[in-house]
Enquirer: 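Dropping a structure here in structure tokens format, bear with me for questions.
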Amino acid sequence: MSYALVDCNNFYASCERLFQPHLEGKPVVVLSNNDGCAIARSNEAKQLGIAMGAPLHQIQALIKQHQVALFSSNYPLYGDLSARVMRTLEQLAPRVEIYSIDEAFLDLQGMPAPQRQILGRTIHQQVKRWTGIPVSVGIGPTKTLAKVANRFAKKSPKTEGVLDLSDPQWCRKALHQLPVGEVWGVGPRWAKRLNQAGIDTALQLSRMPPPLARQQFNVVLERTVRELRGESVIPFAALPAARQSIATTRTFGQKIHTHDEIKEAISSFTVRAAEKLRKQGLLAAALHLFITTNRFSEQDLQYKNSLTWSFQQPQDDTLTLLTGAHAALDAIYRPGYRYQKAGVILLGLVSAQHFQPSLFAPPPRLPNSRALMRTLDGLNQKMGRGTVRFGAEGPPKPSWGMRQLQRSPAYTTRWSDLPQV
């Protein structure tokens, strides 16, 4: 067996640099929702000591001193560029498993070592050339070892972005240098317990008897140990696992207290969740709604509540989903509170293609609802999200919207923001 892990380098920061090339070699930081903390940093920003998750107010002095380029998160841009990277990989490799927005595993089964190295170099160069996003490629006999290889490919200039750890001697050297807490699937809590047991490196973990790992921890760590030993036990999944839920949740840019404002927010979340639902060819049997105040604010009265609204049969019609969301909100909303966060979660997902409607189910609110939703989705996809909106969503820039003072344009998903040459 042989796998490759392709990982986009500092992905969000690389996306911002793509359309502002003057930022190459300069520190770049991307902020979380509402510009709260750092969620992505270029290598230059990391060298300044800006930590992942650092609150913005704590790093303001560093940002000003070193003229760090600061950006609010721009998820439509990142999602579109991620799709371009994944499509490129699908043209270069026989089988691709998309692991996250910036990572993908490739199945290289049966490919000889020289050919693996050539493919790794091709991917490293071609993805950069076709999409503008730099990537690192790690190759190994298991997914976990491919992760290890990718880490060193990214950090060591000698590898030039590609490293194959299929050779046992090189693999042992890499595992000896890797702290056990940085092994895929270990995490800080287990790392602390392993350190207390005298296991400080990935190499030492690989020498732990697998039954002992299961006995003292669980089957997940046993699987990790086997993978570090070169035994492939994490299967390759060319098709994504079936979704169990679709969630759209937000922390408001400012606290809101009126029913109308929360209804606008809930409506907007429901519309977005419905778009995701249809894009994935799914129907939802229920909608779960929650609202909450800020539990860390001592001066505010505290309240939170949630409710699940079930439909008579699974739906993907936004109008029907909005009806359920509004009914749920009316049931749990209480005046007199300053709400900080709300969310909509679609549950009981089934395939729209294979769903058999009930003979006794009521007809849809609109006879041509499916065609209407398809038209709305097509317009918003072509002209930019929010071009055609439901009245319940309120104005395009609502008072409760996320604080995004440093957001870059939607370079690839809105006609008006296309770069001009």
Side-chain angles (χ1 to χ4, degrees), residues 1-9 43 85 88-89 92-100 102-128 134-186 190-191 194 198-213 220-238:
M1 299 296 293
S2 186
Y3 299 98
L5 176 69
V6 181
D7 187 8
C8 301
N9 300 344
N43 289 335
V85 170
T88 301
L89 294 178
L92 298 173
R95 297 177 71 211
V96 178
E97 175 190 341
I98 299 174
Y99 180 66
S100 69
D102 61 347
E103 292 177 286
F105 285 104
L106 314 181
D107 185 359
L108 308 183
Q109 185 175 356
M111 189 177 293
Q115 193 173 343
R116 290 197 301 265
Q117 191 69 19
I118 292 172
L119 178 61
R121 294 286 169 207
T122 301
I123 290 170
H124 178 69
Q125 296 166 9
Q126 204 87 315
V127 172
K128 173 69 172 176
V135 299
S136 299
V137 184
I139 303 171
T142 71
K143 282 186 171 182
T144 303
L145 289 174
K147 273 265 193 182
V148 174
N150 186 280
R151 182 184 182 279
F152 285 96
K154 186 176 292 187
K155 292 183 177 294
S156 174
K158 293 180 181 179
T159 65
E160 297 181 344
V162 181
L163 179 62
D164 188 346
L165 286 183
S166 300
D167 183 286
Q169 181 180 352
W170 285 106
C171 186
R172 281 193 298 271
K173 287 184 178 180
L175 294 180
H176 177 67
Q177 295 179 39
L178 184 66
V180 70
E182 296 185 20
V183 174
W184 183 36
V186 171
W190 284 2
L194 288 166
I199 298 175
D200 299 315
T201 68
L203 183 61
Q204 291 172 323
L205 180 60
S206 71
R207 291 169 177 168
M208 186 181 192
L212 183 62
V220 176
L221 192 69
E222 179 197 14
R223 185 176 63 183
T224 299
V225 170
R226 293 187 184 278
E227 287 262 81
L228 290 174
R229 289 168 167 240
E231 180 184 349
S232 180
V233 294
I234 302 177
F236 189 87

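Given the structure is predicted, the values throughout are model-derived calculations rather than measurements.
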Enquirer: Find the distance between CG (D200) and CG (L205) and round it off to the nearest 0.5 Å.
Expert: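 The CG atom of D200 sits 11.0 Å away from the CG atom of L205.
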Enquirer: What pairs with T201 under side chain to side chain contact (heavy atoms under 4.5 Å, CB included), at least two apart in sequence or on another chain?
Expert: L203, Q204
Enquirer: Measure the spacing between CG of L92 and CD of Q125 and express it to the nearest 0.5 Å.
Expert: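 If I round to the nearest 0.5 Å, the distance is 11.0 Å.
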Enquirer: Check I139 against A4 and note the closest heavy-atom contact, atom names and distance.
Expert: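 Looking at all heavy atoms of both residues, the closest pair is CG1-CB, 4.0 Å.
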Enquirer: Given the rule in the side-chain contact (heavy atoms from CB on, under 4.5 Å) test, do Y99 and K143 qualify, once you have shown the distances and angles that lead to the verdict?
Expert: CA-CA 11 Å; Y99 180 66; K143 282 186 171 182; over 6 Å; no
Enquirer: Using only atom types and a distance under 3.5 Å, with no angle test, would you say the side chain of H124 pairs donor to acceptor with the backbone of S136?
Expert: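 No.
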Enquirer: Just so I know, are the side chains of Q109 and F236 near enough to count as touching, which here means a heavy-atom distance under 4.5 Å?
Expert: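 Heavy-atom side-chain distance check fails, nothing below 4.5 Å.
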Enquirer: Is there a side-chain contact between V6 and V85, using heavy atoms and a 4.5 Å cut-off?
Expert: no
Enquirer: Kindly compute the distance separating CG (L194) from CG (L221), expressed to the nearest 0.5 Å.
Expert: 6.0 Å
Enquirer: For R121 and E160, run side-chain contact (heavy atoms from CB on, under 4.5 Å): C-alpha distance rounded to whole Å, both residues' side-chain angles, the deciding distance at 0.1 Å, then the answer.
Expert: CA-CA 9 Å; R121 294 286 169 207; E160 297 181 344; 3.4 Å; yes
Enquirer: Could you check if a side-chain atom of K128 sits within less than 4.5 angstrom of a side-chain atom of P134, using non-hydrogen atoms only?
Expert: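 Answer yes - side chains close enough.
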Enquirer: Testing the basics here: between A104 and L89, what is the closest heavy-atom pair and its distance to 0.1 Å?
Expert: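 Looking at all heavy atoms of both residues, the shortest contact is CB-CD1, 3.8 Å.
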Enquirer: Going by an N to O cut-off under 4.0 Å, is there a salt bridge joining R223 and E227?
Expert: no
Enquirer: Can you give me the closest heavy-atom contact between V225 and M208, atom names plus distance?
Expert: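 Closest heavy-atom pair between V225 and M208: CG1-O, 3.2 Å.
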Enquirer: Is there side-chain contact between E231 and P210, with at least one heavy-atom pair below 4.5 Å?
Expert: no
Enquirer: Taking N150 for its side chain and L5 for its backbone only, find out whether a donor-acceptor pair lies under 3.5 Å.
Expert: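 Yes; judged by distance alone, with no hydrogens or angles, the pair exists.
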Enquirer: Set out, in order, the CA-CA distance, both residues' side-chain angles and the distance that settles side-chain contact (heavy atoms from CB on, under 4.5 Å) for V148 and V183, then state yes or no.
Expert: CA-CA 7 Å; V148 174; V183 174; 5.7 Å; no
Enquirer: Please table the atom pairs, donor to acceptor, closer than 3.5 Å between any side-chain atom in residues 167-174 and protein atoms at least two apart or in another chain.
Expert:
residue : atom : partner : partner atom : Å
D167    : OD1  : Q169    : N            : 2.9
D167    : OD1  : W170    : N            : 3.3

Enquirer: Side chain of R95, backbone of F105: donor and acceptor closer than 3.5 Å?
Expert: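 It does not hold such a pair.
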Enquirer: Rounded to the nearest 0.5 Å, how far apart are CD of E222 and CG of L212?
Expert: 10.5 Å
Enquirer: List the steps and the verdict of side-chain contact (heavy atoms from CB on, under 4.5 Å) for R116 and L119.
Expert: CA-CA 5 Å; R116 290 197 301 265; L119 178 61; 5.7 Å; no
Enquirer: How far does OG1 of T142 sit from CH2 of W184, to the nearest 0.5 angstrom?
Expert: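 Between T142 OG1 and W184 CH2, I get 8.5 Å after rounding to 0.5 Å.
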Enquirer: Considering only heavy atoms from C-beta outward, does the side chain of L145 approach that of L228 to under 4.5 Å?
Expert: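 Yes, their side chains come closer than 4.5 Å.
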Enquirer: Give the minimum heavy-atom separation between V135 and N9, together with the two atoms involved.
Expert: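 Looks like C-OD1, 3.7 Å.
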Enquirer: Could you measure the distance from the OG atom of S166 to the CE atom of M111? Nearest 0.5 Å is fine.
Expert: 11.5 Å
